[in-house]
S.K.: 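The structure that follows is given in the form of structure tokens.
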Amino acid sequence: MPHPPPTPPTGTTRPPTPGPTAAPFPDTPAAAPATAGSPEPAAGAAAVPPGSGGGASGAVSAGAGALAPPAGVSAPRAIGEHRRWPRSFADRLTTPLPGVRGFARLAREGGFRPGPDGLRGIPDLPYAPAPLPPAAPGTVCATWAGHASWVLRTGGLTVLTDPVWSRRILGTPSRMTPVGVRWEDLPPVDAVVISHNHYDHLDAPTLKRLPRHTALFVPAGLARWFRRRGFTRVTELDWWESAELDGVRFEFVPAHHWSKRSLLDTCRSLWGGWILTDTRSPAPRTLYFAGDTGYGHWFGEIGRRHPGIDLALLPIGAYAPRWWLGDVHADPEEAVRAFLDLGARRMAPMHWGAFVLSAEPVMEPLHRVRAAWARASLPREDLWDLPIGASRTLGPDRTPPRAGG
């Protein structure tokens with residue numbers, strides 16, 4: 001669905017102000033039981049400020065032989081920890097949210113979807129579903145299911161990102177392309193990461209299909225939504241915080257976006273992306289899932305803290321009109337700039353080709369990202385412009401990291 005974004009700033013974009021650090025608390029009559037390998041946090045334990053690098057009571061340690069957290073990253077939080085958060089995360093916005101005039105202009109100009117010419121490209125959208133390839137130890141396999149939904153297999157885990165297997169979501173037409181992986185063809189799902197609560201990223205019908213003991217990693221302020229639906233292993237994190245599951249570290253990182261799911265919950269939960277690291281591999285692989293984001297200063301900071309990201313999953317669609325969506329959805333050229341800022345090794349475009357969310361022609365994101373990649377003189381083999389349903393695998397060998405832009 002087209003998200004009403006912040007309006008363009010006047011002058012220099014201000015960095016978001018860090019919000020107050022949350023402290024754990026049992027927000028149900030009894031605190032959630034400890035899960036295997038994840039000790040229950042001590043009652044009243046103080047939280048660690050994001051990025052402080054300090055310890056936390058009840059945190060899951062990296063374990064013998066595991067890769068230590070990067071400098072500036074706090075010790076891992078406990079799986080399923082109950083925490084208290086501020087009522088609003090509006091202080092994390094990069095730019096202000098729009099007013100009545102912006103909505104009126106959008107309605108007047110009809111910028112919600114492409115015209116007939118822009119929709120003619122639907123038959124050309126790349127769709128090539130295939131069986132999931134094997135994921136051997138030490139490798140990483142990424143399969144694009146469509147939109148921001150990926151099947152990632154790393155460190156022996158199967159992880160879904162922003163899983164949306166529904167045919168349609170609130171406020172949009174039906175999908176232009178089917179989901180690239182049938183639900184019944186998925187291996188057992190070990191974990192799910194959620195970037196934010198917009199309907200095209202947080203899909204209740206899809207999540208209903210998961211066992212209630214599935215490990216869920218979600219933004220600060222969103223755990224209660226999942227717990228009300230019976231999920232028992234929900235870990236909510238602030239920016240720059242992490243948690244670990246069976247040797248894979250999940251770190252929540254900033255994004256230039258916002259959150260809203262109803263009329264009364266604007267910015268009540270956080271938004272961001274995820275860094276996944278296989279800490280037990282002799283040559284640990286690092287994946288970056290950006291979620292939904294505009295272009296901005298956070299990419300350089302993420303790259304500084306995580307040099308040599310192996311694969312960056314970056315959004316390239318839902319960007320027109322720019323005056324309306326420019327602050328919260330990167331366009332293809334900005335996605336390539338973000339890739340350069342990150343200093344990542346490879347980029348896989350996403351967030352296009354599944355739903356009609358905005359006004360650009362449906363095939364334009366792919367054409368523009370390929371052109372921007374070529375203009376930047378980047379190796380063509382490092383652009384993983386996959387068809388929906390296709391997979392790519394990273395072997396255990398490593399190449400030297402590319403310098404950031």
Side-chain angles (χ1 to χ4, degrees), residues 1-16 89-115 118 147-148 171-172 195-196 198-201 253-260 266-267 271-273 290-302 312-342 347 349-373 375-376 405:
M1 57 188 283
H3 313 309
T7 51
T10 55
T12 304
T13 300
R14 66 171 180 85
F89 292 92
D91 61 334
R92 309 293 185 93
L93 292 169
T94 306
T95 53
L97 292 172
V100 175
R101 290 183 179 179
F103 283 94
R105 177 182 173 185
L106 185 69
R108 185 171 61 252
E109 295 181 359
F112 290 105
R113 61 189 59 185
H147 199 53
T172 72
S195 64
H196 65 299
H198 287 156
Y199 282 86
D200 59 320
H201 295 259
V253 295
H256 299 275
H257 206 62
W258 67 304
S259 69
K260 185 181 181 69
T266 302
C267 296
W271 51 91
D292 226 352
T293 182
Y295 175 77
H297 65 282
W298 284 128
F299 294 106
E301 179 63 17
I302 293 167
L313 312 175
L314 291 170
I316 66 167
Y319 51 79
R322 294 310 285 153
W323 67 266
W324 178 249
L325 292 166
D327 293 314
V328 293
H329 285 169
D331 65 22
E333 293 77 16
E334 289 171 333
V336 174
R337 287 174 61 192
F339 170 80
L340 293 169
D341 292 351
L342 289 164
M347 170 181 162
M350 65 173 185
H351 204 268
W352 76 281
F355 299 104
V356 176
L357 301 176
S358 53
E360 73 270 7
V362 296
M363 282 294 293
E364 183 180 277
L366 181 61
H367 296 154
R368 284 176 57 175
V369 78
R370 286 174 172 172
W373 193 266
R375 286 195 301 272

S.K.: Any side-chain donor-acceptor pair under 3.5 Å between D292 and H198?
M.R.: no
S.K.: H147 and ring-ring contact (aromatic ring centres under 6.0 Å, His included): which single residue from F355, Y199, W352 fits?
M.R.: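 When F355, Y199, W352 are each tested with H147, the ring-ring contact (aromatic ring centres under 6.0 Å, His included) holds only for F355.
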S.K.: What pairs with E301 under side chain to side chain donor-acceptor pair (under 3.5 Å), at least two apart in sequence or on another chain?
M.R.: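 Side chain to side chain donor-acceptor pair (under 3.5 Å) check on E301 returns R304, R305.
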S.K.: Roughly how far, to the nearest 0.5 Å, is the CG atom of D341 from the CD1 atom of I302?
M.R.: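 Rounded to the nearest 0.5 Å, the CD1-CG separation comes to 10.0 Å.
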S.K.: Could you pull out all residues at least two apart from A255 that satisfy side chain to side chain contact (heavy atoms under 4.5 Å, CB included)?
M.R.: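 With sequence neighbours excluded, A255 shows a side chain to side chain contact (heavy atoms under 4.5 Å, CB included) to W271, T293, given in chain and number order.
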S.K.: Does a side-chain heavy-atom distance below 4.5 Å link V328 with T95?
M.R.: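 A side-chain contact is absent here, since even the closest heavy-atom pair is not under 4.5 Å.
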S.K.: R105: what forms a side chain to side chain contact (heavy atoms under 4.5 Å, CB included) with it, not counting sequence neighbours?
M.R.: R108, E109, W323
S.K.: Please list, chain by chain and in numerical order, all residues satisfying side chain to side chain contact (heavy atoms under 4.5 Å, CB included) with A318, sequence neighbours excluded.
M.R.: H329, H351, L357, S358
S.K.: Mind listing the closest non-hydrogen atom pair of A335 and M347 along with its distance?
M.R.: CB-CE, 3.8 Å
S.K.: To the nearest 0.5 Å, how far apart are OG1 in T172 and CG in D200?
M.R.: 8.0 Å
S.K.: Taking all atoms of both residues into account, what is the closest heavy-atom pair of Y319 and A330, and its distance?
M.R.: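 Where Y319 meets A330 most closely, the heavy atoms are CB-O, 4.0 Å.
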S.K.: Go through the structure and list residues passing side chain to side chain contact (heavy atoms under 4.5 Å, CB included) with R375, not counting sequence neighbours.
M.R.: E333, A371, A372
S.K.: Parallel, tilted or perpendicular: which fits the ring planes of F299 and H256, with parallel below 30° and perpendicular above 60°?
M.R.: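 Aromatic pair F299/H256 classed tilted.
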S.K.: Going from SG on C267 to CG on L97, what distance comes out if it is rounded to the nearest 0.5 angstrom?
M.R.: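 Here the rounded value is 5.0 Å.
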S.K.: How close do P365 and G317 get, heavy atom to heavy atom, and via which atoms?
M.R.: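 Answer, listing the atom of P365 first, then G317: CG-CA, 4.3 Å.
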S.K.: To the nearest 0.5 angstrom, please state how far the CG atom of L340 sits from the CH2 atom of W373.
M.R.: 7.5 Å
S.K.: Could you give me the CA-CA distance, side-chain angles and deciding distance for V253 and W298, then say whether side chain to side chain contact (heavy atoms under 4.5 Å, CB included) is met?
M.R.: CA-CA 9 Å; V253 295; W298 284 128; over 6 Å; no
S.K.: Measuring from atom CG of D331 to atom CD1 of I316, what distance do you get when rounded to the nearest 0.5 angstrom?
M.R.: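 Reported value, rounded in 0.5 Å steps: 10.0 Å.
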S.K.: Test: salt bridge (Lys or Arg N to Asp or Glu O under 4.0 Å). Region: residues 351-365. Which pairs qualify, not counting sequence neighbours?
M.R.: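 Counting only pairs at least two positions apart or across chains, the salt bridge (Lys or Arg N to Asp or Glu O under 4.0 Å) contacts touching residues 351-365 are E364-R368.
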